[in-house]
Amino acid sequence: MKKKIDENKWQDILSEISKNITEVSYRTWFAPLTPLEMDEDAGVIYVASSNDFLIDVLKNRYIPIFEQTIETIYGKKYKVVIKNMTDEEIKSSLMGRTESSPKAPVIQQDSEEFREEYFLNPRYNFDNFIVGENNKYAHAVALAVAENPAAAYNPFFIYGGSGLGKTHLMHAIGHYILANNPDKKVLYVSSEMFASELIKAIQDKKNNSTKMNAFKKKYRNIDVLLIDDIQFIEGKDATQVEFFHTFNTLYELEKQIVISSDRHPSKLTDLDERLRSRFQWNIVADIQPPDYETRVAILRNKAELEGMSIDDDMLEVIDLIAGKVKFNIRELESALTRIISYSTLFKQKINVKFARQNLNDIFSTGDFNISCETIKKAVCKKYNIKIADIESSKRKREFSYPRQIAMYLCRELTDESLPKIGKAFGGRDHSTVKHAYEKISDDIKKDSILADEIRALKNNIE
């Protein structure tokens, strides 16, 4: 018996896969797929793509993990068959689906040469984006861009670490614009796709002019360009030149440009200075790791979307996960998704004991044995001072500010109390530690360079 693939199950499959491969691989090979149907009698799940290269890579490299993940989610083995279909065929196959299902590409090209692009994920919208102190500025600008494309905030550059919500905001902008302006041409792609399509156009010597014209038509005849992970064009001179001209064309035509990166534009040192300058022409907004309260809100929202009852046991599990997974929202949600999936598979109630058993890998590596001593050594190395200096009462800024940063990191990365942290810094009072934490927290919001420094310190310490 054939039937459509359940959307929730499909999202669970993608979520589980994303935990076992790199973010770039996930977005490049799995995110663009369209789920078609499943044949329960034959034990086959059919998916589709119009990209020959993508299909070849999946077949040669990723089918085992694909089928293993499906078995985990469904509790039954299925063979994966990837159909090579045109965009029109895929669009036809999607007719009749509900609005919550994946949509066909949001922009249709006149040319058939460059048809590839990512779908806008229906789950990434403004309604389910949890706003906290870490992202409220980026969210506010994203909403303003969505409400009035190219009116005030153009270009809009979002940056931050992996899994913090940059892509969510970009998809939300796309959905909002299309919902209110259905005639707008909105294109969401990764910088890797932009680069690979440019290479494809350049390498076709025989029809070079036709290919390049098709490429330019795709990227320049649109109303909104959402381009993800721009850092991947660093060091690619030809790609940078072409993106420079694409950017200029769209900007001069007053079309909206939204760009994401893992770093501030000034930190993209292998990027053409002309591009770095343009990326900073208007709004540059960063997204920081969420604080504890925001992490709890994200997990509660995730549990509600999954139809879970928020009882005392679930609240304890949410508290447990929020306390362990601190720097990546995708990993945060994936941890809860795994617990929910295992609970369904094994028919067991979700509680803290069950969570600890099935998230053992997170809890065994999540703390990294981080101590105040580890943090002090990392900070001293970064700022070229001695441990004795950071523990002393010296008031010069070259010592006092690194000391405050170290106290901030101790509060963020360990479970030590304020008095214990104070003790680790020459027996200081807990109020001194609290003041240091609040000061650095405020400074991070105002100083993007400091925010990048502290993010890098966190990564090094981990």
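Quick note: numbers below take in every heavy atom, side chains included, and nothing from hydrogens, waters or symmetry partners. Please read these numbers as outputs of a predicted model, since none were measured by experiment.
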Going by atom types alone, do S371 and T374 pair a side-chain donor with an acceptor below 3.5 Å? yes
Within the 4.5 Å heavy-atom criterion, are N301 and I298 side-chain neighbours or not? no
If every non-hydrogen atom of L320 is compared with every non-hydrogen atom of A355, which pair is closest and at what distance? CD2-CB, 4.1 Å
Could you check whether any side-chain N or O of K4 sits under 3.5 Å from a backbone N or O of M38, counting only pairs where one atom can act as donor and the other as acceptor? no
Please find the pair of heavy atoms, one from N282 and one from A152, that lie closest to each other, and give the distance. ND2-O, 2.9 Å
Nearest heavy-atom pair of L299 and I318: which atoms, and what distance? CD1-O, 3.5 Å
Under 3.5 Å: donor-acceptor pair, side chain of N135, backbone of I130: yes
Between I287 and L169, is any pair of side-chain heavy atoms under 4.5 Å apart? yes
Any ion pair linking R338 and E331 (charged N to carboxylate O, less than 4.0 Å)? no
Would you check if I310 and E304 make a side-chain contact, meaning some heavy-atom pair closer than 4.5 Å? yes
So does K9 pair up with D12, basic N to acidic O under 4.0 Å? no
Would you verify whether the NZ or CZ of K83 falls within 45 degrees of the ring axis of Y46 while also being under 6.0 Å from that six-membered ring's centre? yes
SB check K445 D286 (cutoff 4.0 Å): no
Does any N or O in the side chain of Q240 come within less than 3.5 Å of the main-chain N or O of I233, such that one atom is a donor and the other an acceptor? yes
Which label fits Y159 and F157: parallel for a plane angle under 30°, tilted from 30 to 60°, or perpendicular past 60°? tilted
Which atom names give the shortest non-hydrogen contact between L336 and A303, and what distance separates them? CD2-N, 3.9 Å
Run the ring-centre check on Y219 versus F243 and record whether the distance is less than 6.0 Å. no
Is the backbone N or O of D443 less than 3.5 Å from a side-chain atom of D447, with the two atoms forming a donor-acceptor pair by type? no
Sub-3.5 Å donor-acceptor pair from the side chain of N181 to the main-chain atoms of K184, do we have one? no
Given D313 and K349, is the salt bridge (charged side-chain N to carboxylate O under 4.0 Å, His left out) satisfied, shown in steps? CA-CA 9 Å; D313 283 332; K349 180 174 173 53; 3.6 Å; yes
Quick test of your reading of the model: are R330 and E333 salt-bridged, counting only N-O distances below 4.0 Å? no
Taking ring pair (Phe, Tyr, Trp, His ring centres under 6.0 Å) as the criterion, tell me which of H171, H168, H139, H175 meets it with F126. H139
Kindly give the heavy-atom pair with the smallest separation between C410 and I375, and that separation in Å. CA-CD1, 3.6 Å
Look at the side chain of S343 and the backbone N and O of Q348, then say whether any donor-acceptor pair between them is shorter than 3.5 Å. yes
So, the side chain of R295 versus the backbone of P290: is there a donor-acceptor pair under 3.5 Å, distance only? yes
Under the salt bridge (charged side-chain N to carboxylate O under 4.0 Å, His left out) criterion, do K439 and D442 qualify, and how do the steps go? CA-CA 5 Å; K439 175 173 174 50; D442 288 340; over 6 Å; no
Report yes or no: does E316 contribute a side-chain atom to a donor-acceptor pair with the main-chain N or O of V352 at less than 3.5 Å? no
With a 3.5 Å cut-off and no angle check, do the side chains of E67 and Y62 form a donor-acceptor pair? no
Give the intermediate values and the outcome of salt bridge (charged side-chain N to carboxylate O under 4.0 Å, His left out) for residues D223 and K255. CA-CA 5 Å; D223 298 299; K255 306 301 184 181; 3.1 Å; yes
What I want to check is whether the side chains of E412 and Y437 have a donor and an acceptor closer together than 3.5 Å. yes
Under 4.0 Å between a Lys/Arg side-chain N and an Asp/Glu carboxylate O for R276 and E234? no
Is it the case that the side chain of D229 and the backbone of F232 share a donor-acceptor pair, with hydrogens and angles ignored and the cut-off at 3.5 Å? no
Taking atom NZ of K420 as the centre, does the number of heavy atoms from other residues, nucleotides or ligands within less than 6.0 Å exceed 12? no
Between N180 and Y176, is there a donor-acceptor pair closer than 3.5 Å when you use the side chain of the first and the backbone of the second? yes
Can we say D228 and K166 salt-bridge, meaning some charged N sits less than 4.0 Å from an Asp/Glu carboxylate O? no
